[in-house]
Protein chains: 2
Amino acid sequence: MSFVRSRSYHHGDLRAELLQRAEATLRDSGVDGLSLRQLARDLGVSHAAPSRHFRDKQALLDALALVGFDRLAGLYGEVEATGSFSERLHAVARSYLDFAIDNPALLALMFARKHSPTSGEEMLAAVGRAFTVPIALIAEGQARGEVVTGDPMRIGIAAIAALQGLATFVGSGFVEAENVEAALTETITQLTYGLRPRD
Amino acid sequence: MSFVRSRSYHHGDLRAELLQRAEATLRDSGVDGLSLRQLARDLGVSHAAPSRHFRDKQALLDALALVGFDRLAGLYGEVEATGSFSERLHAVARSYLDFAIDNPALLALMFARKHSPTSGEEMLAAVGRAFTVPIALIAEGQARGEVVTGDPMRIGIAAIAALQGLATFVGSGFVEAENVEAALTETITQLTYGLRPRD
DNA sequence: ACCTGAACACCGTTCAAGT
DNA sequence: ACCTGAACACCGTTCAAGT
């Protein structure tokens, strides 16, 4: 006696529903709370059904990571293409931190595994897309004479790493919620001066 | 027919052996390859024996994380207390990256969980110890007039975050092995200029 | 093509019982 | 105090069989 909605033999789009539900579970219970069998139960489908869409559990986790990178890439889309370099740097940094705070388990998952150029090609491409906007911002800052010259990829990745590290510290609780603003400001300040053209 | 060394009823120091073996397994096979039952088998002990020393699997993982933080704190000990600020900054940064490259799964474990001031008191204390040397370095740089004024804790954490983020990128393969040196140099450069007293 | 149901090997955790 | 052995509930994965 339960109010499970009846399901036809053909599921609407089991793959998409699995991903969606998995992301919700990830947010609520972390990676450890994620089980293929429970996921199947939640969707009213047999425990073997997910294997039609994901070879194994790792494949589901990888797909989730891809979703994460694409969502991260999308967040930057909201960063207005106008404004000073400093304003846009602030906006990008805040977007990254907001994403990290809203999706701590997902962010951890995104960088949890070693991706090689061969086996993790898709993943590396997704990382590339997620970092396109910040790196373009570096190039733009250089064009405006506000950022030191050099390979924008190399400079950009090091700068994003500062945000990623801060995200990790916040996610682990080492930087407490009440100190996040001050920490973010400090990181942005260090980046601002660290990226300036040298005299 | 196996060459398992005979074991007396009383184990020498099962807790220490479990930790040691777990760290080795972590290095070889990652967190996913870590099983309490397999660990017990490796040590020739019943699968229920570990529970006398670690309440549950998470307790073992937490203990491993503590080991990690203490090892990290120890690495800095090898950073000579002499030399210019710049030399010591380089040494600390390299120590952090070396640790990350040698212990990728352990480093991930160290920041995998949310530690609150109440439940994760021990862990937060361990993080504090691991970051004592880098933060003292910031204070020393300030005393020498080579680092911008301000709370050394706030400044130091943001600076360490840049290293932690780089470590994450290296560990995930997004920064490939051949680019680690260039990336580390770039991060150190950005830190050097980002930490300088402002004009 | 897509899903089910049973089967298999493996977990983590608990607990009475042994020494 | 420390460990064992059995038991329990839960996994992930595979595969013949169903529609």
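In what follows, every heavy atom counts, from backbone to side chain, and hydrogens, waters and symmetry copies are set aside. In this text, all values refer to a predicted model and were calculated from it rather than measured experimentally. Chain A is the first sequence line, chain B the second, and so forth, proteins listed ahead of strands; every chain is numbered from 1.
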With nearest nucleotides of DNA chain D determined for A:Gln58 and B:Ala49 from heavy-atom distances, which residue corresponds to the more 5′ nucleotide?
B:Ala49

Please check the phosphate of D:dC10 (OP1 and OP2 only) for any side-chain N or O of A:His47 closer than 4.0 Å.
no

Checking N1-N3 plus N6-O4 or O6-N4 for Watson-Crick, or N1-O2 and O6-N3 for wobble, each under 3.5 Å, the partner of D:dC3 is none

Between C:dT4, D:dT13, C:dT13, spot the one nearest the side chain of A:Asp56, thanks.
D:dT13

Side chain of B:Arg37 - closest among D:dA7, D:dG12, D:dC2
D:dA7

Validation row, ring centre B:Phe99 to ring centre B:Phe69 under 6.0 Å:
no

So, are B:Glu140 and B:Arg144 salt-bridged, with charged N and O less than 4.0 Å apart?
yes

Reckon A:Arg41 has a side-chain N or O less than 4.0 Å from the OP1 or OP2 of D:dC11?
yes

Tell me which nucleotide, if any, is Watson-Crick or G-U wobble paired with D:dG12 when both distances must be under 3.5 Å.
C:dC8

Want to settle it: does A:Arg52 or A:Gln38 sit nearer the 5' end of DNA chain D, counting the closest nucleotide to each?
A:Gln38

Please determine whether a side-chain nitrogen or oxygen atom of B:Ser51 lies at a distance below 4.0 Å from atom OP1 or OP2 of C:dT13.
no

Under 4.0 Å from OP1 or OP2 of D:dC10: is there any side-chain N or O of A:Ser35 that close?
no

Any salt bridge linking A:Asp32 with B:Arg113? Criterion: basic side-chain nitrogen under 4.0 Å from a carboxylate oxygen.
yes

Would you say the ring centroid of A:Phe174 lies under 6.0 angstrom from that of B:Phe111?
no

